[in-house]
Amino acid sequence: MNLFRTFQAQIVDVIEDLIKAGELPEGLDTSRITVEPPRDASHGDISTNAAMVLAKPAGMKPRDVAALIAPGIEALDGVENVDIAGPGFINAGLSDAFWHHQLGQILNSGTDYGNSNLGDGEKINVEYVSANPTGPLHVAHARGAVVGDALVNLLRKAGFEVTSEYYINDAGNQVDQLARSAHLRYREALGEDIGEIPEGLYPGEYMIAIGEELADTLGDGLKDAPEEEWIETFRNVAIERLMDQIKDDLAALGIEQDVFTSERDLVAAGKVEHVQELLEARGLIYRGVLEPPKGKAAPEDWEPREQTLFRATDFGDDTDRPLKKSDGSWTYFSNDIANHLDKFQRGFSTMIDVWGADHGGYVKRMQAAVRAVTEGEGELDVKLCQIVHLKKGGEPFRMSKRAGNFVTLRDLIDELGESGKDIIRFIMLTRKNDSQMDFDLDKALEQSRDNPVFYVQYAHARCHSVLRNATGVLSEADLAPEKLAGADMSVLSDPAELELIRMLANWPKTVEAAAESHEPHRIAFYLNDVAALFHGLWNKGKDNVQLRFIDEDDADATRARLALVVGVATVIASGLQVMGVTPLDELR
RNA sequence: GCGCCCGUAGCUCAGUCGGAUAGAGCACAGGAUUCCUAAUCCUGGGGCCGCAGGUUCGAAUCCUGCCGGGCGCACCA
């Protein structure tokens, strides 16, 4: 529970008391009342819009309503003073003791601080990565992987019951081409000169080992056999190997997903037919001919064709969408509807998909389908991840080990060294998912203010450095968080110290807001703010000896200040945990 | 031509789902280190929040229309 929510509930109580007493009219809607930290610190610690929201329905002036509510707020625990300002804001200042108490709570909670019951155990499914099993992951996948995974952690922290999921596109033409590529490499492994890899097949070197394995296990009997005899086996083996590799790459990024759903299995289980029956029964399927796209040059082979169409326009899409290909097989779209219906039937009425921006044109139709197939009970939020431009020293970066090849995720991790995982994860979260991003390899390794990964890690390491130095004044046992939580915090009275505590106490609200909006990047920005205040306070100790964390002549003051230091380290660690980044105690 | 995303300081970006005088970093100018990591910090200038209307107590935020950039646009996945 974040403290602003607590105050919000208390203020609503105050208002209800006023209604009972006849001071305010009955039937006021209190749901729009918010309590927030004011942007300007001079306006106090908390601020509510209650008077402005209630003024109109109550038929009163905002300031008059505020005057009625203010005394009730002033009487609340922790409130020191109340002020009515501007158009009718009620601002309240909280006592130092209140903030000291918050700090104690941080120490007692550890990195669980910020955990919330906001989600109330509601089930949410987050699908991300879902790359085709036709090759290793490349950088373009990294952003979605990180965003999705951080979102999972974030939602869990906020009290949702989250399942992380990968949808394997193992049906359709692409995996058949994969099987053919494997067969070619199989023949190559048996000594045949295969020459150039034909257009449409997968030329990557990663196919060679698969071909060799197939040759080892199957012998040469399938070398000249017709495709029907081998395609299934080759497909299965290739997909399995590539999925293993993808899982390894994800593991290197610290990602391990709960559920892997196979498109092929969904089809085989008849789930797509089920979708069709369901839509048919609701009158949402018809045979029809689509208009060619206007303006843009029509596809070469376009011809008016009667198709099996889903009435997507009834659910907010721009045009109706085909469910079957001309050869009678299901479209990718049909299968993906089955995928989402399946998720819904497994109990997820809230679903989040993380996609690349190039799939943006697919959002509306999928959302339309989810609405149709769940009768409005299911909700799909799609997070689109914009492209990442790799750079090195400001120049576009290409790592063309093989001419024309993409940069694999593995290459990127290796390039960044042992902290590669943490660096990638942090940087990928320093932009909103839908804005484009430059990823500069030099900057990412730089140890400077310029590099947010370093800046936040440095703050955390500094905290631990202080604690290491503190053993001269306090015993190990005295440095335990739960021990420090009981310290007399009253020396923490400098504005910079209190500002830092306020920032730390903002963590639970940050978690809830980020979780509600499905925006994990907010965590990165918050941590940057925490680090900035901490570095600032640290440097104040240079001018003002009174503010140094360790005072060899005053164990009590040291205890209180170290409580603050541990609080900072705790909140940073808690935030990094959500991002999937390992906090460092030392940077040397 | 249609749809989606974006447009905020010279540059890169935040902006707590409608709040008060719009914030950081970089860059630029100046300053702080016998002292817990100066790998840091402090001070300063910088803005028509793309443009124009609308909604209301109140708009960077919501609606409409333009302008500019990115992505996508039958039976690929």
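Labels below follow one simple rule: chain letters A, B, ... track the order of the sequence lines, proteins then strands, and each chain is numbered from 1.
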Exercise. Tell me, what's RNA chain B's dot-bracket, Watson-Crick or G-U with both distances under 3.5 Å, | for other-strand, [ ] crossing?
Worked result: (((((((..((((.....[...)))).(((((.......))))).....(((((..]....))))))))))))....

Listing time: all N or O pairs from protein to nucleotides 8-11 of chain B that are below 3.5 Å?
none

Problem set entry | Nearest listed nucleotide, side chain of A:Asp543, among B:U16, B:A32, B:A38 |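 So the nucleotide nearest the side chain must be B:A32.
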
Problem set entry | Of the listed nucleotides B:A74, B:C13, B:A77, the one nearest the side chain of A:Pro322 |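 The listed nucleotide nearest to A:Pro322's side chain is B:A74.
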
For this session: Test salt bridge (Lys or Arg N to Asp or Glu O under 4.0 Å) on A:Glu379 and A:Arg371 and set out the steps.
Result: CA-CA 7 Å; A:Glu379 195 197 314; A:Arg371 260 178 240 128; over 6 Å; no

Rounded to whole angstroms, how far apart are [atom1] on [X] and [atom2] on [N]?
X	N	atom1	atom2	value
A:Asp176	B:C76	CG	P	12 Å
A:Asp434	B:A14	CG	P	8 Å
A:Lys542	B:A38	NZ	P	4 Å

For this session: Compute whether any side-chain donor of one residue and acceptor of the other, for A:Glu519 and A:Asn433, lie under 3.5 angstrom apart.
Result: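 Side-chain D/A pair, A:Glu519 to A:Asn433: absent.
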
Exercise. A:Ile550 near the nucleic acid: base, sugar-phosphate alone, or nothing, with a heavy-atom cut-off under 4.0 Å?
Worked result: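 The residue A:Ile550 makes base contact.
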
Problem set entry | Distance between P atoms of B:G45 and B:C6 (Å, rounded) |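 Roughly 32 Å separates the two P atoms.
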
Exercise. So, A:Thr510 side chain and A:Asn506 main chain: donor-acceptor pair closer than 3.5 Å or not?
Worked result: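 Yes: the side chain of A:Thr510 pairs with the backbone of A:Asn506.
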
Problem set entry | Donor-acceptor contact present, side-chain A:Lys157 to main-chain A:Ser116, <3.5 Å |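 A pair under 3.5 Å: no.
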
Any protein N or O atoms within reach of nucleotides 63-72 of chain B? Criterion: under 3.5 Å, listing atom names and distances.
| residue | atom | partner | partner atom | Å |
| --- | --- | --- | --- | --- |
| B:G70 | O2' | A:Gln436 | NE2 | 3.3 |
| B:C71 | O2' | A:Ala357 | O | 3.2 |

Check residues 353-363 of chain A and write down every donor-acceptor pair under 3.5 Å in which the side-chain atom is one partner and the other belongs to a residue at least two apart or another chain.
| residue | atom | partner | partner atom | Å |
| --- | --- | --- | --- | --- |
| A:Asp353 | OD1 | A:Lys343 | NZ | 3.4 |
| A:Asp353 | OD2 | A:His340 | NE2 | 2.6 |

For this session: Using the test side chain to side chain contact (heavy atoms under 4.5 Å, CB included), find all partners of A:Ala140 that sit at least two apart in sequence or belong to another chain.
Result: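 Expected list: A:His138.
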
Seminar exercise, completed: The contact string for nucleotides 19-26 of chain B, one letter per nucleotide 5' to 3', using protein heavy atoms under 4.0 Å with B, S and - for base, sugar-phosphate only and none, comes out as BB----SS

For this session: Describe, in one word, how the ring planes of A:Phe310 and A:Phe315 are oriented to each other, choosing from parallel (under 30°), tilted (30 to 60°) and perpendicular (over 60°).
Result: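 The rings of A:Phe310 and A:Phe315 lie parallel, inter-plane angle below 30°.
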
Exercise. What is the ring orientation for A:Tyr458 with A:Phe454, classed by angle as parallel under 30°, tilted 30 to 60°, or perpendicular over 60°?
Worked result: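 Ring orientation, 0 to 90° scale: parallel.
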
Problem set entry | Carboxylate-amine/guanidinium contact A:Asp317 A:Lys364, below 4.0 Å |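 Not counted as a salt bridge, because no side-chain N and carboxylate O are separated by less than 4.0 Å.
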
